[in-house]
Amino acid sequence: MRTSQYLLATLRDDPSDAEIISHKLMLRAGLIRKLASGLYNWLPSGLKVLKKVEAIVRDEMEKAGAIECLMPFVQPAELWEESGRWGKFGDELLRIQDRHQRSFCLGPTHEEIITDLIRGELRSYKQLPITLFQIQSKFRDETRPRFGVMRAREFLMKDAYSFHITEASLQQTYHIMFKAYCNIFERLGLHYRPVIADTGSIGGSCSHEFHVLAESGEDAIAFSDSSDYAANIEKAEALAPSHERAQPSQSLQKISTPNAHSIEDVANLLKVEQQQIAKTLVVYAADDNNQINGLVALVLPGHHELNEIKVSHLPHVFSPMTMASEEDIRQAINCGPGSIGPVNLNIPVYVDRSAAVMSDFVCGANTDGYHLTGVNWERDCPLGNVVDLRQVVAGDPSPDGQGLLEIKRGIEVGHIFQLGTTYSKSMKAVVLDENGKSQTVTMGCYGIGVSRIIAAAIEQNNDANGIIWPEGMAPFQLAIVPINLHKSPRVEETCEKLYQEMKALGIEVILDDRKERAGVMFNDMELLGIPHRIVVSERGLDNNTLEYKGRVDPESSQVSLQEVVAFIQNKIQHK
RNA sequence: CGGGGCGUAGCGCAGCCAGGUAGCGCACAUGCUCGGGGUGCAUGUGGUCGGAGGUUCAAAUCCUCUCGCCCCGACCA
């Protein structure tokens, strides 16, 4: 490619609406342009990168035995009604109607479609297991798209679905996919971690997320400092404290605490540590059908945060966890949300494991403007159901019993699930087993955010000059930068020859033949992150040399004209 | 959806408070200049000031409504 005949589209200034580095660099390097909130045009360089990632993902999926197919972006409502998700999915599902007023949606995922496809094609257990995948656009009407293609509404995803007759077969494929994902992220040169994840609304028994580690990540991940344990913080278990609850040493007292509603207020007023205060939160309870039915209280130490995912999974708690309104709290408890405590509380109580070992603690008195001090479980109020409610924090013991937890941030670029029969059951995907009996197939599903990977890779690999592509992702492998191309026939001739030779060798090369000054060309090529650069100048040609510099090399080096082709080939193959 | 902010040339911004007929830098075009890290000079092109309505002799500026976008939160296979 010659820059004079290409859409380089680099920008000198940071666009004002970009916040994180990958978004800024993707705009500045001319990879993407925003069309509307959460919708992006992929410019030629960006598309080249996207295709690179796609190719690696495709290759590894095929190596893992998955077969590629392609399903429509627009999906009929009927299938979503059949799986029960038409009603459940919420506003993230963009619903549309065709000219006959039939309902469709833009596919946020393809479980319904693949299950429908497969139930029509599969008849026998002998056809299983089978894994199909596609690389297709998805649309999720995110409440808040942000960070460019990191959280876009329309994005490119690889999604795979596996079908099995036995649980063991699902486990096996899940394992193969796990390994394939590791291969993909390794080949992409990303610093990543597989982490134990919550299965969320999709259900299923086992699930892992793959995270690229980056400060700007939207998810928090808990790691053990001395084992392989890693989990999404939503899922990381806070173990029960190892020490026993101390014996009561204080008597129960009711004291006036006017205008002290938050843990911080109470701690300051009474001059006690936050961990000496029991925080009591009230959420909606639910009946067996997850319909809101009354309230339930949650007690945890004042300095800890509630983990909403854990709460949502508790029996008889409305899911998703929803904080009770002040009005409902006053009606049930007769005081405001800042004055609640477990003593004489007339609603069910869940107590966090670490709150269960508190003694002589402070809590709300269930009367506005009053708190209790010297409170002790069992003596002053029953110790309700003791469960894990809180968010883990750095320094907590690792749930696998080895080491302590550290918290880091990550960008979720992949997610694998053992779905079980969630979809196959509701949509009646069955095959005959070896006894000639009809059996519901068991499913797994495996997603990779292809477009998000690009943003994640840039978050992890950049410097003051721009993008530093991991090997295999760069839009071009080699940049040829001539000095005084338009004045020196020698430079022009050398560049032309080198360009043709490189092209013939299948090396993706970009020749900067613009009538620009050297600095401009250097800056653009570095912004775009091209891994290898050759400078052709009169000065070098006088000595029969060209100048080579790798994107991250501190200094450039001289290469003789005769050796340059082999030199570059070697660089590209061995890096 | 709650809170905050922003829409003025392709990009980044000033002007708005104290209304008087739109400006700066970059980019772009032309010429000269420079020629190894975003040269210098000169001359130019480009804007119904997001949109609609209102107040006024006069609105980018004041008022009302509306649309779009960004940030924080909530939300999120």
Side-chain angles (χ1 to χ4, degrees), chain A residues 8-20 23-24 27-28 30 33-39 85 88-93 107-112 138 140-148 150-153 155 157-161 197-204 206-210 218-219 232 234-235 308-309 312 320-323 412-419 422-423 443-449 452 464-466 481-488 491 512 514-527 533-540 546-547 549 556:
Chain A
L8 202 54
T10 52
L11 262 28
R12 194 175 286 205
D13 298 321
D14 278 342
S16 64
D17 57 2
E19 195 69 17
I20 61 172
H23 188 195
K24 287 179 183 173
L27 289 163
R28 284 229 290 137
R33 287 291 183 266
K34 186 172 72 181
L35 175 65
S37 179
L39 302 178
R85 288 208 292 182
K88 276 189 207 158
F89 218 88
D91 293 335
E92 208 176 312
L93 188 65
T109 175
H110 282 73
E111 280 85 11
E112 280 80 1
K138 300 281 189 254
R140 294 181 191 173
D141 201 357
E142 296 280 352
T143 42
R144 192 177 158 210
R146 59 184 135 174
F147 304 150
M150 189 82 87
R151 181 169 291 274
R153 291 194 291 177
F155 57 97
M157 186 171 179
K158 185 286 301 175
D159 47 328
Y161 307 89
D198 187 69
T199 48
S201 60
I202 204 148
C206 181
S207 171
H208 284 86
E209 288 168 356
F210 287 77
E218 294 186 88
D219 292 292
N232 191 305
E234 301 172 334
K235 186 81 177 175
E308 300 191 10
I309 301 289
S312 296
M321 188 206 92
T322 309
M323 299 296 286
E412 182 189 348
V413 290
H415 201 157
I416 59 178
F417 291 84
Q418 293 183 19
L419 284 181
T422 315
Y423 297 90
M443 294 171 59
C445 81
Y446 318 91
I448 285 186
R452 180 182 280 183
N465 296 322
V481 178
I483 309 291
N484 278 336
L485 178 74
H486 300 273
K487 280 191 178 167
S488 163
V491 169
D512 203 342
R514 292 175 297 172
K515 205 170 175 177
E516 286 288 356
R517 297 171 64 86
V520 173
M521 295 189 279
F522 292 158
N523 281 320
D524 274 346
M525 295 302 121
E526 281 167 13
L527 177 59
R533 182 184 82 190
I534 291 284
V535 176
V536 181
S537 67
E538 286 273 349
R539 203 165 71 193
L546 301 174
E547 177 190 301
K549 185 175 177 297
S556 56

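Nothing here was measured: the structure is a model prediction, and the numbers come from that model. Letters A, B, ... are given to chains in the order of the sequence lines, protein chains preceding strands, and every chain is numbered from 1. Reckoned from all heavy atoms, side chains included, excluding hydrogens, waters and symmetry mates.
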Legend entry - Footprint string (nucleotides 66-74 of chain B, 5' to 3'): B base within contact, S backbone only, - free, heavy atoms under 4.0 Å: ---SSBBBB

What nucleic acid atoms does [X] come within less than 4.0 Å of, heavy atoms only: base, sugar-phosphate, or nothing?
{"X": "A:V481", "result": "nothing"}
{"X": "A:E92", "result": "sugar-phosphate"}
{"X": "A:I483", "result": "base"}
{"X": "A:D14", "result": "sugar-phosphate"}
{"X": "A:M323", "result": "nothing"}

Legend entry - Whole-Å P distance, B:C26 and B:G2: 43 Å

Inset, instruction - Pick the C1' atom in B:G73 and in B:C16, then give their distance to the nearest Å. - result: 31 Å

Inset, instruction - Could you check which nucleotide pairs with B:U64 in any of the strands shown, counting Watson-Crick or G-U wobble with both distances under 3.5 Å? - result: B:A52

Inset, instruction - Once you apply the 3.5 Å cut-off to both distances, tell me the Watson-Crick or G-U wobble partner of B:G37, or none. - result: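 Per the H-bond distance test, none.
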
Inset, instruction - Please check the phosphate of B:C11 (OP1 and OP2 only) for any side-chain N or O of A:R12 closer than 4.0 Å. - result: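 It does not, given that no N or O in the side chain of A:R12 lies less than 4.0 Å from OP1 or OP2 of B:C11.
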
Inset, instruction - Check whether any side-chain N or O of A:T10 sits under 3.5 Å from a backbone N or O of A:G30 as a donor-acceptor pair, and report yes or no. - result: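 No.
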
Inset, instruction - Classify the side chain of A:R533 and the base of B:G37 as holding, or not holding, a donor-acceptor pair under 3.5 Å. - result: yes

Inset, instruction - Please confirm whether any donor atom in the side chain of A:E547 sits under 3.5 Å from an acceptor in the base of B:G36, or the reverse. - result: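 Side chain to base: pair present.
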
Inset, instruction - Could you check which of B:G25, B:G36, B:U39 has an atom nearest any side-chain atom of A:S537? - result: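 The listed nucleotide nearest to A:S537's side chain is B:G36.
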
Inset, instruction - Give the nucleotide from the list B:C76, B:G37, B:G12 with an atom nearest to the side chain of A:N523. - result: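 Minimum distance to the A:N523 side chain belongs to B:G37.
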
Legend entry - With sequence neighbours excluded, residues passing side chain to side chain contact (heavy atoms under 4.5 Å, CB included) with A:D91: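 If we apply the side chain to side chain contact (heavy atoms under 4.5 Å, CB included) test to A:D91, skipping adjacent residues, there are no hits.
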
